[in-house]
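Step one of this worksheet: look at the structure below.
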There are 2 protein chains.
Amino acid sequence: MTKTATKPVPRKPDYEKALRKAGIRITRPRKIILNILGETEDHPDALEIFRRAEQIDKSISLSTVYRTMKLLEEMGAIHRHAFEGGPSRFEQAGGDHHDHLIDMDTGDVIEFRSDRIEQLQQEIARQLGYDIVHHRLELYGRRRKD
Amino acid sequence: MTKTATKPVPRKPDYEKALRKAGIRITRPRKIILNILGETEDHPDALEIFRRAEQIDKSISLSTVYRTMKLLEEMGAIHRHAFEGGPSRFEQAGGDHHDHLIDMDTGDVIEFRSDRIEQLQQEIARQLGYDIVHHRLELYGRRRKD
DNA sequence: TAATCTTTTGCAACTGAGTGTCATCTGGCA
DNA sequence: TGCCAGATGACACTCAGTTGCAAAAGATTA
Ligand SMILES: [Zn+2]
Ligand SMILES: [Zn+2]
Ligand SMILES: [Zn+2]
Ligand SMILES: [Zn+2]
């Protein structure tokens, strides 16, 4: 069997110093949110992050979660995924690039990476006269029952 | 030079009889919207379809456009594309499957098709134990200036 | 053709995700 | 500890899309 796709390895970079270096204050809500994102293995949405943050600090507000996600996205510290039929979901950046397969029954997100597909995308864009800035590849499927 | 991607050919099926067969009434707004979708070569959003429809019948409402897009989507007569940072955009179904490259400067949508990528997606899903129901591949780029 | 019976429409009120405003609060620094 | 620009919580607002409802209009039959 040929190995078409590899499972990307997890990562856990420290963004606090990056924020500090960019002149951005390390506040209590931001610390909490960064910790949540650093710990999790899944792709939570803003509301889910808010709920997890509430457990730690009851006074945190949903607006702050939204604002922080936006800030972190602009800094390149996280990636935003707008999977279909739902709110944006987030994950820490800093790991290897990967794409996603979404389990339509459970909502689970499975990560994969295909160098061959990445390469083909480049070729296609070049032939069309374009440079790719970024891309989105999402497979929506159901567990094969055999 | 190897041909990595081909440009899909356009098509113009007649959905009125399909609607009728499904027991769905062919109303004036639906006729107009179907004609607009049948004529256009681009990927308009609901508001744009509404504006084009208004030219033909001043009394049409935006809700009806939204409702009709939903209906046609459920029937499989059109495809909805939620490109990033904007409202859903639509196109008639019935042609060959293709994916999209979005020009980030102009918003233009360029269609392409890569059998190799389609095939790799299948292999990846199979290896992960899934059947693909559908997928989304969007390249976001800028015209190469050389 | 008109009567009838649904389905569909236009309108307006509503929803959900996210953004903007602003008075108050606080992290970083002296 | 005091200062103050930047950050926060609360809440009003936007935007895309949905929903409820009375009136209108397809399809079907007489
Ligand atoms: Zn990729
Ligand atoms: Zn991921
Ligand atoms: Zn495809
Ligand atoms: Zn298309």
Side-chain angles (χ1 to χ4, degrees), chain A residues 15-36 43-75 77-90 107, chain B residues 15-36 43-75 77-90 107:
Chain A
Y15 284 110
E16 287 200 19
K17 62 169 176 295
L19 289 196
R20 192 163 267 123
K21 202 164 77 170
I24 284 160
R25 291 186 187 169
I26 313 299
T27 63
R28 196 161 152 62
R30 286 178 184 162
K31 250 204 250 294
I32 292 170
I33 292 169
L34 279 173
N35 281 349
I36 290 168
H43 298 70
D45 62 24
L47 198 58
E48 176 58 28
I49 292 167
F50 170 65
R51 279 192 281 251
R52 293 182 198 176
E54 266 187 318
Q55 316 270 104
I56 298 155
D57 178 352
K58 191 71 191 113
S59 79
I60 207 163
S61 86
L62 182 54
S63 334
T64 295
V65 174
Y66 279 120
R67 268 190 299 240
T68 303
M69 300 328 284
K70 202 184 192 194
L71 174 80
L72 295 175
E73 186 188 9
E74 280 159 8
M75 290 195 43
I78 61 169
H79 293 306
R80 172 190 302 264
H81 303 293
F83 299 137
E84 48 173 51
S88 294
R89 298 172 64 165
F90 304 92
Chain B
Y15 284 110
E16 288 200 18
K17 62 169 177 295
L19 289 196
R20 192 163 267 122
K21 202 165 77 172
I24 285 160
R25 290 184 186 172
I26 313 300
T27 62
R28 194 161 153 61
R30 286 178 183 162
K31 253 205 249 295
I32 292 170
I33 292 169
L34 279 173
N35 281 348
I36 290 168
H43 298 71
D45 61 26
L47 198 58
E48 176 58 26
I49 292 167
F50 170 66
R51 280 192 281 251
R52 293 183 198 176
E54 265 187 319
Q55 316 270 105
I56 296 154
D57 178 352
K58 190 70 190 113
S59 79
I60 207 163
S61 87
L62 181 55
S63 338
T64 296
V65 174
Y66 279 120
R67 268 190 295 238
T68 304
M69 300 328 285
K70 201 183 191 191
L71 175 80
L72 295 176
E73 187 188 8
E74 280 159 6
M75 291 195 43
I78 61 170
H79 293 305
R80 173 190 300 264
H81 304 293
F83 298 138
E84 51 173 48
S88 293
R89 298 171 66 166
F90 304 92

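Quantities reported herein were computed from a predicted structural model and do not represent experimental measurements. Chain naming here is simple, since letters A, B, ... match the order of the sequence lines and numbering starts at 1 in each. The analysis underlying the following values was restricted to heavy atoms, covering all of them including side chains, and did not include hydrogens, waters or symmetry mates.
With sequence neighbours excluded, the residues forming a ring pair (Phe, Tyr, Trp, His ring centres under 6.0 Å) with B/Phe83 are B/His81, B/His100, listed by chain and number. Scanning for side chain to side chain donor-acceptor pair (under 3.5 Å) contacts around A/Ser88 gives A/Arg80, with sequence neighbours left out. Here A/Arg89 pairs with nothing under the side chain to side chain donor-acceptor pair (under 3.5 Å) rule; sequence neighbours left out. With sequence neighbours excluded, no residue forms a salt bridge (Lys or Arg N to Asp or Glu O under 4.0 Å) with B/Arg20. In this structure B/Thr64 satisfies the side chain to side chain donor-acceptor pair (under 3.5 Å) test together with B/Ser61, sequence neighbours excluded.
If you check residues 79-88 of chain B against DNA chain D, the residues with a heavy atom closer than 4.0 Å are B/Pro87, B/Ser88, listed by number. The stretch residues 50-67 of chain A comes close to DNA chain D through A/Ser59, A/Ile60, A/Ser61, A/Ser63, A/Thr64, A/Arg67, each having a heavy atom under 4.0 Å from the strand.
Taking both residues in full, the closest heavy atoms of A/Met75 and A/Leu19 are given as SD-CD2, 2.8 Å, listed atom of the first, atom of the second, then distance. Contact record, A/Ile78 with A/Met69: CD1-O, 3.3 Å, taken as the closest heavy-atom pair. Residue B/Ala46 comes nearest to B/Phe90 through the heavy atom pair N-CE1, 3.9 Å, listed as atom of the first residue, atom of the second, then distance.
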Pairing string, 5' to 3', for DNA chain C - Watson-Crick or wobble contacts under 3.5 Å, brackets [ ] where pairs cross, | to another strand: ||||||||||||||||||||||||||||||
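For DNA chain D, the span of nucleotides reached by chain B at under 4.0 Å from its heavy atoms goes, 5' to 3', from D/dA16 to D/dA27. In summary, contact between chain B and DNA chain C, defined as any nucleotide atom under 4.0 Å from a heavy atom of the protein, begins and ends at C/dT6 to C/dA12 in the 5' to 3' direction.
The distance from the CG atom of A/Leu62 to the CZ atom of A/Arg51 is 9.5 Å, given to the nearest 0.5 Å. Atom-to-atom distance recorded for B/Leu72:CG and B/Tyr15:OH is 9.0 Å, nearest 0.5 angstrom. Considering CZ of B/Phe50 and CD1 of B/Ile36, their distance stands at 10.5 Å, rounded to 0.5 Å.
Residue pairs meeting the salt bridge (charged side-chain N to carboxylate O under 4.0 Å, His left out) criterion with at least one member in residues 58-71 of chain A, sequence neighbours excluded: A/Glu54-A/Lys58.
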Contacts under 3.5 angstrom, residues 21-34 of chain A side chains, donor-acceptor by atom type, not counting sequence neighbours:
residue: A/Thr27; atom: OG1; partner: A/Arg30; partner atom: N; Å: 3.4
residue: A/Arg28; atom: NE; partner: A/Asp57; partner atom: OD2; Å: 3.2
residue: A/Arg30; atom: NH1; partner: A/Arg25; partner atom: O; Å: 2.9

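Using a 4.0 Å heavy-atom cutoff across all strands shown, B/Ile26 reaches sugar-phosphate atoms only and no base atom.
For B/Arg28 and B/Phe90, each mapped to the nucleotide of DNA chain D holding its nearest heavy atom, the one lying further toward the 5' end belongs to B/Phe90.
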